[in-house]
Amino acid sequence: MADPKGFMTTPRQDWPRRPVEERVRDWDEVYVPGALLPIVSKQADRCMDCGVPFCHDACPLGNLIPEWNDLVSREDWRAASDRLHATNNFPEFTGRLCPAPCEAGCVLAINQPAVTIKNVEVAIADRAWAEGFAPPSPPDRLSGKTVAVIGSGPTGLAAAQQLTRAGHTVAVYEKDDRIGGLLRYGIPAFKMEKHHLDRRIEQMIAEGTRFRTGTAVGRDVGAAELRARYDAVVIATGATAWRELAVPGRGLAGIHQAMEYLPLANRVCEGDLEVSPMSAAGRHVVIVGGGDTGADCLGTAIREGAASVTQLDIYAQPGADRDEDTDPWPTYPKIYRLSAAHEEARDLRSAPAADADARLFAASTFRFGGDEDGRVRSLHLVEVDAGRRPVAGSERELPVDLVLLALGFSGPDRADGLVDQLGLTLEPRGTIARDGDFATNVPGVFAAGDAARGQSLIVWAIAEGRAVAAAVDRRLSGASRLPAPISPYDRPMSV
């Protein structure tokens, strides 16, 4: 604990964002380049080095947060990088994309603003790359065992890296043309520039992981054939079966799923397309769904030059402070948060009809209206109470040219045939069933990440990847020294 009074003398200071008018004209990350390092050591000093650090329990990875906070406060970046990478394969991803349940569990957050754990994390990760503290770590010897990992999102990548480093020969199968899953084509570049992903992939290739892009298991290669070729298979395809909105008018042209829209914008940034065929430019956009995917659509539509963008959230607008009755510390509270995209919408007044920033709260869509050509032209909504029951006389109509559905995901997509070809057992909610060792009903086949857990956070995805790697290593080697931070049955802290 470098400064025992740091939490009393130093106020919280976050990584500043670039001015709205500047950042919406490009796809670069929203934060001011180079503005984090001058403040992060003093921010790390605010860590109280608690006797019982609840930030550990709030993070499924078990990140050693007080340890690397102390090292950063002393500017021992190499040691901080070692402690950070001991529990997290990809801290530059989580430091940018995770909503930071660790900060909700910070003991300081009981009565003060939490330590900027997420900012400290990303500062360590970026410094590690700049200083060469994250070289490839190939295994000393090979086990002779082979593993196929299906899916290259954070779960698949974490599992593959852990198993490769344990000495197994690992091949990652990805249906898209580039590695990364939703990290590549779901997350907008203004939240995480793709060079962060590319350099991790280069590191993994140097360690010995093999990648097979453009290969959908179940369609381009038979699932049973793949199982026969490898000693073990890890399914980490994510929960890509999106939820639908079954209301009148859903079949009108101009209504799309968020994950049809976001990949095209990312392909523009990758240079594959000059303009997205679903571009929001000049269009009135309504996003149905109040979560992070909806916010990603919001920031994307603003950058594409939408005439207006409104986001509908079925929940009531939360308060600014934690409700100790419903969300007591150290659980992750439902409070009003202003993401970078919502800040942009507020400052640019992108949604004149919204309650706050771009959002209409407690709003439910009950039908769409179209024109004679079959294109969507209006969205009819109604205000709902806490039980999601319509409030009489609250009907409204919004003009719209483009509707984006961001309603979450229910489980793995079965269209490619992977689940059916292997004969995998599913849970009632549509996720892949597994036992306490991440094993499915098919011998040698394991399931991890959103495909089995259901839609979750990136820290849970990486934790699942690390844990399933330990389970596979035990099966192949008889024992494992790989860490297993969670079990399939662990869940976030709640009341």
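- W15 places a side-chain N or O within 3.5 Å of a backbone atom of V32 that can act as its donor or acceptor partner.
- Contact detail for P488 and R453: the closest heavy-atom pair is O-NH2, 3.7 Å.
- Heavy atoms only, all atoms of each residue included: Q257 and R243 are closest at NE2-O, 3.1 Å.
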Residue pair D473, R466: steps toward the salt bridge (Lys or Arg N to Asp or Glu O under 4.0 Å) verdict: CA-CA 11 Å; D473 189 36; R466 291 171 67 86; over 6 Å; no
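- Between the side chain of E464 and the main chain of T155, no donor-acceptor pair closer than 3.5 Å is present.
- Counting non-hydrogen atoms of other residues, nucleotides and ligands closer than 6.0 Å to CG of D292 gives a total of 12 or fewer.
- With sequence neighbours excluded, the residues that form a side-chain contact (heavy atoms from CB on, under 4.5 Å) with N266 are Y185, K194.
- The number of heavy atoms from other shown groups lying within 6.0 Å of CZ (R481) does not exceed 12.
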Residue pair D357, R359: steps toward the salt bridge (Lys or Arg N to Asp or Glu O under 4.0 Å) verdict: CA-CA 6 Å; D357 46 75; R359 287 172 278 193; 2.8 Å; yes
Worked verdict on R229 versus E225 for salt bridge (Lys or Arg N to Asp or Glu O under 4.0 Å): CA-CA 6 Å; R229 286 165 48 188; E225 173 192 346; 3.6 Å; yes
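- Under a 3.5 Å cut-off, the side chain of R12 and the backbone N or O of A114 do form a donor-acceptor pair.
- Between D76 and R127, no side-chain nitrogen of the basic residue sits less than 4.0 Å from a carboxylate oxygen of the acidic one, so the salt-bridge criterion is not met.
- Closest heavy-atom contact between I117 and C55: CD1-CB, 4.2 Å.
- A side-chain contact (heavy atoms from CB on, under 4.5 Å) with I179 is found for one member of E174, M204, R212 and no other, namely E174.
- Using modelled atom types, no side-chain atom of T331 and backbone atom of M493 make a donor-acceptor pair closer than 3.5 Å.
- Screening residues 81-106 for ring-ring contact (aromatic ring centres under 6.0 Å, His included), with sequence neighbours left out, gives F90-F93.
- Side chain of T300 to main chain of D296: a donor-acceptor pair is present (N/O by atom type, distance under 3.5 Å, no hydrogens or angles).
- Side chain of T94 to main chain of P91: a donor-acceptor pair is present (N/O by atom type, distance under 3.5 Å, no hydrogens or angles).
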Full working for side-chain hydrogen bond (donor to acceptor under 3.5 Å, both in side chains) between N63 and T87: CA-CA 6 Å; N63 282 330; T87 57; 2.5 Å; yes
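- Legend: side-chain hydrogen bond (donor to acceptor under 3.5 Å, both in side chains) pairs involving residues 31-40, not counting sequence neighbours: none detected.
- Within the 3.5 Å criterion, the main-chain N or O of S480 finds no donor-acceptor partner in the side chain of S477.
- Checked by atom type, the side-chain pair W77/E131 shows no donor-acceptor distance below 3.5 Å.
- The two residues R23 and E343 make their nearest non-hydrogen contact at NH2-OE1, 2.6 Å.
- By the neighbour-count criterion of 12 heavy atoms within 6.0 Å, atom CZ of R283 is densely surrounded, having more than that number from other residues, nucleotides or ligands.
- Between T164 and E207 the shortest heavy-atom distance is CG2-O, 3.5 Å.
- No donor-acceptor pair under 3.5 Å is formed between the side chain of D70 and the backbone N or O of E67.
- Remark: K118 NZ is packed, more than 12 non-hydrogen atoms of other residues, nucleotides or ligands lying under 6.0 Å away.
- The pair D437-R475 does not meet the salt-bridge criterion, since no charged nitrogen lies less than 4.0 angstrom from a carboxylate oxygen.
- A salt bridge links E344 with R303: the closest approach of a Lys/Arg side-chain nitrogen to an acidic carboxylate oxygen falls below 4.0 angstrom.
- Nearest heavy-atom pair, V309 versus A358, reported as atom, atom and distance to 0.1 Å: O-CB, 3.8 Å.
- Just one of D176, D198, D177 meets the side chain to side chain donor-acceptor pair (under 3.5 Å) condition when paired with R184; it is D198.
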